[in-house]
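Since the structure comes first, as structure tokens, the remarks are kept for the end.
Starting from 1, each residue takes its place in the sequence as its number.
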Amino acid sequence: MRARGGARALALFSLGAYLFLYAPILVLVAFSFNRGRLTAAWEGFTLGWYLKLLDDVQVLTSLRNSLVVAFAATVICTVLGTAAALALHRHRFRRQAAVEAMVTLPIVVPEIVLASSLVLLFAAAGLGLGFTTVILAHVSFAVSYAVVVVRARLAGFDKSLEEAAADLGAGPWRTFFQVTLPGIAPGVLAAALLVFALSIDDYVITSFVAGVGATTLPVQIYSMVRSGITPEINAVSTLILVATSLLLMAAYFLEQGRPARQAAAPAALGLLILGAPFLLGRSAVGGEKVLNLYIWSNYIAPETVRKFEKRYGVRVNVDLYDTNEALLAKVQTGNVAYDVLCPSNYPIQILLHQNLLRPLDLSALPHLRNVDPRFLDRDYDPGNRHSVPYVWGSCGIAYRRSKAGSVDSWGAMWDRRFKGRILMLDDARETFGAALKWKGHSLNTKDPALLAAAQRALIEQKPLVKVYDSANYHDVLLSGDVWLAQGWNGQFAKVMDHEPDIEYVIPKEGASLFIDSLVVPVSAPHPELAHKFLDFTMEAEIAAEICRTMRYSPPNQAAIPLLPPEIRTNPAIFPPPEVLSRLELIEDLGEATVLYDRLWTEVKTQ
Ligand code: N2P
């Protein structure tokens with residue numbers, strides 16, 4: 001009686017444990033058939049998400065990439081791992097313990113450390129980020145697991161079998177293939193499956209080393225979080241789950257010693273499902289022309305991108321950044337395959353010095369004639385040999401009049417009455433620029449004493465600052481969380497449309513001016529298409545559309561007449577000449593840049 005009760009309790013407990021493990025998967029499978037778009041509620045059965053999947057090029061491509069990488073990593077790791085396990089198992093040598101510890105080290109090293117060191121290594125080796133780097137990275141983190149798993153199997157392997165084979169005259173290769181390998185096959189298979197699983201779901205390391213064009217499924221899903229995950233993802237996951245279960249079933253049949261034809265059916269079905277993305281989207285996936293655009297956030301509307309895609313029958317990958325420094329870091333160390341970048345004036349000087357920009361073919365840019373000559377042939381790129389202006393603007397203060405009264409000086413950003421209601425950009429040159437201007441200095445000073453004073457001012461300001469943010473400063477102001485925000489004019493002009501209480505001012509002490517341009521890096525894989533894009537943005541109608549959607553000012557005289565009067569007369573977008581004269585262009589300061597960076601880091605970490 002007691003024993004039965006115990007057995008029942010045990011059964012119940014195991015049931016609970018299995019439920020705990022599998023419930024999330026079951027829910028996922030169920031919701032892949034859910035009609036509703038939101039994952040929370042059941043709204044009826046549909047196969048729609050699976051059908052949608054069939055022509056989602058982005059998801060199919062990334063799934064295909066994931067499979068290629070996982071397959072390559074699995075083959076390499078299993079061969080290397082088995083060889084290493086055999087060597088470690090068979091031979092005794094000096095420092096063996098140290099060697100074994102080193103083999104397992106990648107298992108315990110935090111992923112983020114491995115990721116950043118791999119990026120450094122690839123940059124040092126001059127290896128462009130792409131497929132190869134992803135596969136190398138996956139091999140480097142997964143091979144240790146293969147060694148460990150095969151070794152465990154070897155520990156139980158009867159050595160005398162190999163000796164018997166040798167006694168009977170089999171050479172080392174024959175012994176390996178006919179005796180050893182069949183003996184350890186389950187271990188090798190387990191190692192392969194483990195490596196495959198590790199590779200297919202890696203996010204952290206892959207996101208560091210992927211570069212454009214080698215996006216894997218996890219990286220793709222992560223980037224979809226921004227625009228909302230659809231049940232389509234549940235459908236992909238379900239398919240992967242079914243396929244891998246079928247393959248596991250085949251492996252199990254083989255291990256049980258059942259005839260190969262029994263294993264053939266599940267194996268074939270599993271492989272068919274995994275092979276679908278290769279067969280399916282082929283026409284759409286392969287051979288498609290791509291433009292890789294790396295641009296500021298809030299700088300181009302999806303509809304503008306779509307127009308370009310339509311006109312030239314191409315796809316545009318858009319990646320975003322929020323500071324010139326982030327752009328520089330990526331372009332200088334990453335070896336990334338972007339076709340078009342959008343730096344401000346001063347980073348153009350830096351990129352030019354480092355020979356990272358491709359000379360433009362001006363004959364392929366007929367719409368350059370639309371550009372206002374005031375924005376051409378500037379010091380940072382004489383003759384526009386490497387850049388065409390995209391938008392220009394200023395960095396001032398936007399504020400809520402009902403809360404902050406009327407503001408006309410940078411001093412407002414140091415006013416204790418606004419404690420906790422101030423936002424500053426997360427940008428060394430702009431925050432130091434504000435502090436320097438406030439005290440009546442040039443924002444291009446290299447004078448260490450002036451910079452030290454500006455740093456003191458910024459540290460003193462810190463308790464008043466609610467947040468340093470260069471991406472969503474306009475939204476934070478609109479939401480009412482802050483009353484005064486430093487920021488670039490376009491995004492402020494945009495929220496002012498919704499909120500008459502918000503005003504934009506260029507402080508009386510002056511402010512920074514920027515001219516952001518499109519450039520083509522030397523490493524661009526599609527320079528011809530890049531020229532088409534540059535020229536496209538200089539068409540009058542497109543330049544006007546960029547201004548209408550983003551509210552940043554076009555350096556394009558042909559676009560101005562196409563703008564509605566309320567934009568043309570908005571002083572936040574087109575400041576009057578006497579305000580313009582108070583603006584100063586940020587310049588490249590050479591060596592002194594390091595000083596700004598250090599001082600700014602100190603402000604933020606104090
Ligand atoms: C766009 C920021 C404007 C860039 N998010 C200023 N150079």
Taking only residues two or more places apart in sequence, or in another chain, which ones meet Tyr252 in a side chain to side chain contact (heavy atoms under 4.5 Å, CB included)?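 Here the qualifying residues are Gln256.
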
Just to verify, what does Ile295 make a side chain to side chain contact (heavy atoms under 4.5 Å, CB included) with, not counting sequence neighbours?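 With neighbours one apart ignored, the set is Leu293, Tyr299, Ile300, Val318, Leu320, Cys342, Tyr390.
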
Any side-chain heavy atom of [X] sitting closer than 4.5 Å to one from [Y]?
X	Y	result
Phe93	Leu88	yes
Leu341	Val520	no
Val340	Val519	no
Val150	His89	no
Val108	Leu105	yes
Ile273	Leu246	yes
Phe308	Leu291	yes
Leu118	Ser140	yes

Say you draw a straight line from [atom1] of [X] to [atom2] of [Y]; how long is it, rounded to the nearest 0.5 Å?
X	Y	atom1	atom2	answer
Ile200	Phe71	CD1	CZ	12.0 Å
Leu247	Leu193	CG	CG	8.0 Å
Asp339	His531	CG	NE2	11.5 Å
Thr74	Leu67	OG1	CG	10.0 Å
Asn292	Arg315	CG	CZ	8.5 Å
Asp202	Thr216	CG	OG1	7.5 Å

For [X] versus [Y], what's the shortest heavy-atom pair and its separation?
X	Y	answer
Val522	Leu357	CG1-O, 3.7 Å
Gly270	Ala243	O-CB, 3.8 Å
Pro525	Ala337	CD-O, 3.6 Å
Ile135	Ala72	CD1-CB, 3.8 Å
Pro218	Ser66	CD-OG, 3.8 Å
Ala146	Gly81	CB-CA, 4.1 Å

For [X], look at atom [atom1] and say whether over 12 heavy atoms of other residues, nucleotides or ligands are found less than 6.0 Å away.
X	atom1	answer
Glu111	CD	yes
Phe20	CZ	no
Arg94	CZ	no

With the threshold set at 4.0 Å, does a side-chain nitrogen-carboxylate oxygen contact exist between [X] and [Y]?
X	Y	value
Lys330	Asp319	no
Arg598	Glu602	yes
Glu309	Lys289	no
Lys310	Glu303	no

Quick one: do the Ser297 and Asp322 side chains pair a donor with an acceptor below 3.5 Å?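 Per modelled atom types, Ser297 and Asp322 side chains form a pair under 3.5 Å.
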
Output, in order, the C-alpha distance, side-chain angles, deciding distance and verdict of side-chain contact (heavy atoms from CB on, under 4.5 Å) for Phe157 and Glu162. CA-CA 10 Å; Phe157 179 70; Glu162 286 177 338; 3.7 Å; yes

[X] (side chain) donor-acceptor with [Y] (main chain) under 3.5 angstrom:
X	Y	answer
Asp469	Asn472	yes
Thr537	Leu534	yes
Ser207	Val219	no
Ser160	Glu163	no
His138	Val69	no

Please assess Phe33 against Tyr50 for the test ring-ring contact (aromatic ring centres under 6.0 Å, His included), listing each intermediate value before the final yes or no. CA-CA 8 Å; Phe33 298 105; Tyr50 288 86; 5.2 Å; yes

Check the angle between the aromatic planes of Trp296 and Tyr321 and answer parallel, tilted or perpendicular using the 30° and 60° thresholds.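 Ring orientation of Trp296 relative to Tyr321: tilted.
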
Return the orientation label for the Phe176 and Trp173 ring planes: parallel under 30°, perpendicular over 60°, tilted otherwise.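 Aromatic pair Phe176/Trp173 classed perpendicular.
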
Chi angles and distances behind the side-chain contact (heavy atoms from CB on, under 4.5 Å) call for Gln354, Gln332: CA-CA 9 Å; Gln354 296 167 334; Gln332 288 167 342; 2.8 Å; yes

For Phe31 and Trp49: C-alpha separation, side-chain torsions, deciding distance, then whether ring-ring contact (aromatic ring centres under 6.0 Å, His included) applies. CA-CA 10 Å; Phe31 275 92; Trp49 300 114; over 10 Å; no

For the side chain to side chain contact (heavy atoms under 4.5 Å, CB included) test, which of Val139, Thr82, Leu198, Val147 pairs with Cys77?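 With Cys77 as partner, Val139, Thr82, Leu198, Val147 yield a single side chain to side chain contact (heavy atoms under 4.5 Å, CB included), made by Val139.
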
May I have the step-by-step check of side-chain contact (heavy atoms from CB on, under 4.5 Å) for Leu194 and Val149, ending in yes or no? CA-CA 9 Å; Leu194 184 61; Val149 172; 3.9 Å; yes

Using the side-chain contact (heavy atoms from CB on, under 4.5 Å) rule, take Asn34 and Phe45 through it: C-alpha gap first, then chi angles, then the decisive distance, then the call. CA-CA 5 Å; Asn34 185 15; Phe45 180 88; over 6 Å; no

